[in-house]
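First up is the structure itself, then whatever we jot down about it.
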2 protein chains.
Amino acid sequence: MASAPEHGAAAAHIADRIREAIISGEYAPGTRIRQEELATEAGASRVPVREALRMLAAEGLVTLVANTGAWVSSLSLSECQEIYRVRERVEPLLLRMSAPNLDDAELDRLDGLAAAMAATDDPELFLTLDREFHLSTYGGAETVVLSDLVHRLWNRTHSYRRVYTGLMDDRARETVHDEHRLMVAAMRDRDLDSAESLLTSHIRRTRRQLAGHPELFLATPR
Amino acid sequence: MASAPEHGAAAAHIADRIREAIISGEYAPGTRIRQEELATEAGASRVPVREALRMLAAEGLVTLVANTGAWVSSLSLSECQEIYRVRERVEPLLLRMSAPNLDDAELDRLDGLAAAMAATDDPELFLTLDREFHLSTYGGAETVVLSDLVHRLWNRTHSYRRVYTGLMDDRARETVHDEHRLMVAAMRDRDLDSAESLLTSHIRRTRRQLAGHPELFLATPR
DNA sequence: ATGCTTGAAATTGGATGCAATCGTCCCGTA
DNA sequence: TACGGGACGATTGCATCCAATTTCAAGCAT
């Protein structure tokens, strides 16, 4: 289970727990994180908690202020746009490195995810499936640095994607589904250039739509 | 000096110190890092040292193995190539966001750096000037996420750039200088497309030359 | 000579305790 | 009422101490 009582992994486990809580929405951006609370919850002392917070801070998920405390990082609109601009450049590269290693069974599964996403109107499920879909398209990449980078970029924006997902209208949703299907089709055809450019458009379009919702972001994030 | 006796910053200071030591070459890739050593050196206990190591591990500069220790991260050739591929996609974007904000004085300074680089044959000075040149070209960007990402990518590869720099022949060096001068010229002309594509080629060329020196890398890095 | 076992030293992991800092409430003053 | 200014409580920062684990060398067996 989650609590393997192995020595030397407390900080990592606690970090996993917090990361999961942030991604699941349990901890929203701006939420105060208290060391003691996490420590008792993990049945540990504050020492490994602090190490976990340092890790998460370096990942950008948590913001530390000396002598004051830790908060779940929030983003300004411009920071979020920055992340999307980076994703626009980086994820197509990762897709290119992954796609050749995805077999037919995996492509079928991707189609299934895309279909499930189109079939639901539960925003939370949509969000989960979307993440699962995209990260799965990267699953064939034998990379370390790049896939880690992309995962971190997804993590940092996940909370905002959650809110935005609830605001999408039917037209926007339909466009997303079309793009997903086209991406899988391009990958089936081993047409990496098309897959790349479809993904670029996909991310860029989302970025531009996000720009129309500044109310989702704080002016002065921490 | 380096030791401002402020409360709540010990871990950050120690991390700065280690990061600096890695970049300066004092700590080469693969070097074992002992907590006690750093603690006494910083006049602190091992607790903030461990927090610093967690941060650096999240930055990719240090590799931690539970119950065993910390080492300065080393890269395999393929990991290094990965980083360069990411840089190829990401740095031109950052340059585009920075260039419009660089005034004539700053562009003059960049030309000066390029000239100084061309004039020296001290590899260490070359390395320092090269870093200073490129990071300065990004100095106009009002970004947080992206510039932080680029700095980290530079940091992770700096040790290898050091070794490679010593191996460059005159022709390779001359090419680099030409590219630097052309980049500054393009920025003076406010020709962002040219600046971007020059930078892309610049990084790609270096990546391809690095591929010819697998002996600089470990097969199984940690 | 090589490989395996054992045990002590070295090193890391984590809990506890205390000092330092920050927030907040309360009070006094204008 | 509005505006400082302490004092207290809550929280974080860090040093010290002990436990868990690994490493390494010496000894033993093959």
Side-chain angles (χ1 to χ4, degrees), chain A residues 1-19 21-22 27-28 30-59 61-74 218 220-222, chain B residues 1-19 21-22 27 30-59 61-74 220-222:
Chain A
M1 285 299 296
S3 66
E6 44 196 331
H7 190 77
H13 281 147
I14 295 171
D16 289 346
R17 156 81 180 98
I18 304 173
R19 197 182 294 110
I22 293 174
Y27 289 179
T31 304
R32 172 77 183 268
I33 298 176
R34 252 168 278 261
Q35 299 176 1
E36 191 80 44
E37 191 177 321
L38 292 168
T40 54
E41 176 184 318
S45 79
R46 280 169 40 228
V47 174
V49 171
R50 294 174 50 96
E51 292 180 20
L53 290 175
R54 294 290 190 183
M55 292 191 270
L56 295 167
E59 292 175 22
L61 280 183
V62 156
T63 301
L64 296 177
V65 179
N67 297 311
T68 304
W71 286 262
V72 178
S73 295
S74 50
L218 274 63
T220 56
R222 56 171 132 200
Chain B
M1 285 303 294
S3 66
E6 45 197 331
H7 189 78
H13 281 148
I14 294 170
D16 288 346
R17 155 80 179 99
I18 303 174
R19 195 183 296 109
I22 293 174
Y27 290 179
T31 304
R32 172 77 182 269
I33 299 176
R34 251 166 278 259
Q35 299 176 3
E36 190 77 51
E37 191 177 321
L38 292 168
T40 55
E41 176 184 318
S45 80
R46 278 169 42 229
V47 174
V49 171
R50 297 183 43 161
E51 292 181 19
L53 290 175
R54 294 289 188 181
M55 294 190 269
L56 295 167
E59 291 175 22
L61 280 182
V62 156
T63 301
L64 296 177
V65 179
N67 297 311
T68 304
W71 286 263
V72 178
S73 295
S74 49
T220 57
R222 59 171 133 196

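Naming convention: chains lettered A, B, ... in sequence-line order (proteins, then strands); numbering from 1 in each chain.
When every heavy atom of B:Arg32 is checked against every heavy atom of B:Thr68, the shortest pair comes out as NH2-O, 3.0 Å. In terms of heavy atoms, B:Ser73 sits closest to B:Thr63 at OG-OG1, 2.8 Å. For the residue pair A:Tyr27 and A:Leu38, the shortest heavy atom distance occurs at OH-CD2, 3.8 Å. Closest of all the heavy-atom pairs between A:Val72 and A:Ala28 is CB-O, 3.4 Å. Residue B:Val65 comes nearest to B:Trp71 through the heavy atom pair CG2-CZ3, 4.0 Å, listed as atom of the first residue, atom of the second, then distance. Shortest non-hydrogen contact noted between A:Gly8 and B:Asn67 is CA-OD1, 3.8 Å.
Rounded to whole Å, the distance from CZ on B:Arg50 to C1' on C:dG14 is 7 Å. If you take NE2 of B:His7 and P of C:dT21, they are 6 Å apart, rounded to a whole angstrom. Distance CD (B:Glu6) to P (C:dT21): 10 Å, rounded to an integer number of Å.
Nucleic acid contact class of B:Ile33 (heavy atoms, under 4.0 Å, all strands): sugar-phosphate only. Across all strands shown, B:Ala70 has no heavy atoms under 4.0 Å from either base or sugar-phosphate atoms.
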For nucleotides 15-17 of chain C, tabulate all protein N/O to nucleotide N/O atom pairs closer than 3.5 Å, reporting atom names and distance.
from, atom 1, to, atom 2, distance (Å)
C:dA15, OP2, A:Ser45, N, 2.7
C:dA15, OP2, A:Ser45, OG, 2.6

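Using a 4.5 Å heavy-atom threshold, the side chains of B:Ile18 and B:Leu53 count as touching. Residues B:Ile22 and B:Val62 have side chains in contact (heavy-atom distance under 4.5 Å, counting atoms from C-beta outward). Residues A:Arg54 and B:Arg50 form no side-chain contact, since every pair of their non-hydrogen atoms from C-beta on lies 4.5 Å or further apart.
With a heavy-atom cut-off of 4.0 Å to chain B, the contacted part of DNA chain D has its first and last nucleotide at D:dG13 to D:dT23.
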- Message: Could you go through A:His13 and A:Glu6, starting from their C-alpha distance and side-chain angles, then the distance that decides it, and tell me whether this counts as side-chain contact (heavy atoms from CB on, under 4.5 Å)?
- Response: CA-CA 10 Å; A:His13 281 147; A:Glu6 44 196 331; 3.4 Å; yes

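Tested against A:Arg46 for a side chain to side chain contact (heavy atoms under 4.5 Å, CB included), the candidates A:Arg34, A:Glu36, A:Glu37 yield a single pass: A:Glu36.
Near-neighbour residues of DNA chain D inside residues 34-42 of chain B, defined by a heavy atom below 4.0 Å, are absent.
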